[in-house]
There are 2 protein chains.
Amino acid sequence: MQHHEVDIDPFVAGDTDRLTAGEVLSGYLHARAGDFLRGLRMYGESGSDTAAAEAAARTLRGAARRIGGGLHTYRPLLDPAWADQLRTELGWLSGTLAQEHACTSRLHRLLGALARLSGATAASAAPVSRSEDRPEGAPPGTLTVGASRAGALLDRQLTLARTRAHSAALQALGSSRFHAVADAVAVLASEVPLGPLAAAPAVEVMAEPGELTARQLLDAVAALPLARAAHPYNAEALVHGLATASEGEAQDAPWHQVRQLLRLHRYGQEVWCAGGAPDPMLLGAGQALDRHRDAAEAAAAAANAARTPRIAPATAYALGVLHADQRLEVEAARFAFQQVWQQMPMAASAP
Amino acid sequence: MQHHEVDIDPFVAGDTDRLTAGEVLSGYLHARAGDFLRGLRMYGESGSDTAAAEAAARTLRGAARRIGGGLHTYRPLLDPAWADQLRTELGWLSGTLAQEHACTSRLHRLLGALARLSGATAASAAPVSRSEDRPEGAPPGTLTVGASRAGALLDRQLTLARTRAHSAALQALGSSRFHAVADAVAVLASEVPLGPLAAAPAVEVMAEPGELTARQLLDAVAALPLARAAHPYNAEALVHGLATASEGEAQDAPWHQVRQLLRLHRYGQEVWCAGGAPDPMLLGAGQALDRHRDAAEAAAAAANAARTPRIAPATAYALGVLHADQRLEVEAARFAFQQVWQQMPMAASAP
């Protein structure tokens, strides 16, 4: 077992070569565990300040995901049973904490889309941005009855879901399960249970685990229908627009998997190249897939709202347009991912 | 007044230089008038053969549009009062005859889209063509209740519209107004009322009228938001997806106008370069705008069907998805037009 102070950063350029793998990995995990504990403290101090609580939850989630990513990628350097167990618990925690924010941003996305779909009247020839900026003098578009009813319905449903997610998060944060995670992370802030391989020089043993994640990512990307995504307006994302929900989900799943592998790969790079700026292409590709996920879930929420009993036909019609609009966003996100990916150096080494 | 036999083609290469403008224009109009009369004869002989009647109507419409185009572009070479009057009547006729076919193809387009939106289940990763071909072994997608009800509703409404259009076309073909047009075209098959300028050599006076149409086309294209159309997934065509119908129509109008000017320009070239193969780029650009018009009208038909009283929410939802899908086709057609247009030699001479 090795020990590093959280605030000591051993990753200054040139030094990394002399460090053991355990020192590099511990340094990263110490720092992220410190972020986690800071997020926890912020959350405790946020009281009724919603914005502060959201920022705290974001810090907690980001730290939990990064620790989990480090444990996943560099498992061969760690006590594997411990790593697997903590990773599972961190996944549960970040998943639980993510729900409330997801409901909020999904509602914003859908209400924004309804406003956009209701259009500005006098500015049809001018570029229409997705923001609410309107050319001076152009009257704002008024929502049709269907659009405003659809908005009210989504507001009710997603606010209810958010309230439930909030309660679930509060309950999770008060649970003994959470306290066990927090204790484990507190230990991690000073001490990482390393395996025997961690004593080897970082330059010798840290490349391979990172490459494994990269290979998994490349394989997953190779399985995507990228050639199709490269062709704009391929109408692929809407192909199950009127079929059952499970068919749409089956189509999205490989993209969601690439999103997660891409994030794991990015976190793995953070360990290895600590302090370096994140690769903007990796970030861009990840953002496209975040948008893909958000749009897919918003489209599902619109379809789900349309199944509410006794809604007016005008409401259902607006929800149908909204669903299709968000599926179009899904397709646009795939196009954007493809555009970024084809320029990535790592794409050239694809199998 | 000059006279040409319908079956004499004076436009063999090298000869055109020695012809007067009147000879060139008369030759073209004689030939198209011959087509018109042939279509009329075919129609009379078609009896209860629907396919033959459709082919006859297509021939009639094509000839009427081309004669009208020639009268429009080369008006300075003709008796202007006669040209304007016949052109108006030909416009009425081809518009009336076009309705039945438009209803049929709109219904096919919408039912095809509903089938596509209901998707094939096992083949989500494979390219999905808009045709009904499915990979072997993949079960065909079954329509959801909403999709099949929407299909039945559209079928009823568009079949009714087609029946009305058919009656209107029959009525038009039996009217004294039509007989006057047919008589005028029969005269045109042998004799064209030329103006004084038509006596000048074709090479001297036929370029300018053609250039005027080309200039109008370039001006109209310059007014289109092409920079926006060049950016895939700009979400422009759906921007009025939930607004009033008139707002969507206002957005489409400049594109419809370019479609008509492009056709006029193409017909003008047919007169001048008779016998030459049509410019494939002009044809491609025109096809993109035909698709734009068809998709815009199909989207409007879906929105219109959704306003039917007492429909089920599931039907309305499916119509909303369908409307958005067709508006996406509108956007895709603009993208396609832009792609073709930027490669056209005439685009380089735009103002």
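Letters go in sequence order (proteins before strands), and every chain restarts at 1.
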> If every non-hydrogen atom of A:F335 is compared with every non-hydrogen atom of B:Y233, which pair is closest and at what distance?
Replying inline: CB-CE1, 3.5 Å

>> I'd like to check the salt bridge (Lys or Arg N to Asp or Glu O under 4.0 Å) partners of B:R149; sequence neighbours left out, ordered by chain and number.
In response: none

>> Please check: side-chain N/O of A:S118 versus main-chain N/O of B:L242, any donor-acceptor pairing under 3.5 Å?
In response: no

>> Which atoms of A:A303 are under 4.5 Å from chain B, going by heavy atoms: the side chain, the backbone, both sets, or neither?
In response: both

> What residues of residues 311-318 of chain A sit under 4.5 Å from chain B when you count only heavy atoms?
Replying inline: A:I311, A:P313, A:A316, A:Y317, A:A318

> Residues in side chain to side chain contact (heavy atoms under 4.5 Å, CB included) with B:A113, at least two apart?
Replying inline: B:R116, B:L322, B:D325, B:Q326

> For the residue pair B:L117 and A:L238, what are the closest heavy atoms and their distance?
Replying inline: CD2-O, 3.2 Å

>> Suppose a student defines contact as a heavy atom less than 4.5 Å from any heavy atom of chain A. Which residues in residues 253-266 of chain B would they list?
In response: none

> Can you tell which of B:A302, B:P232, B:A324 has the highest number of heavy-atom pairs within less than 4.5 Å of chain A?
Replying inline: B:P232

> Among A:G146, A:A227, A:A332, which has the most heavy-atom pairs under 4.5 Å with chain B?
Replying inline: A:A332

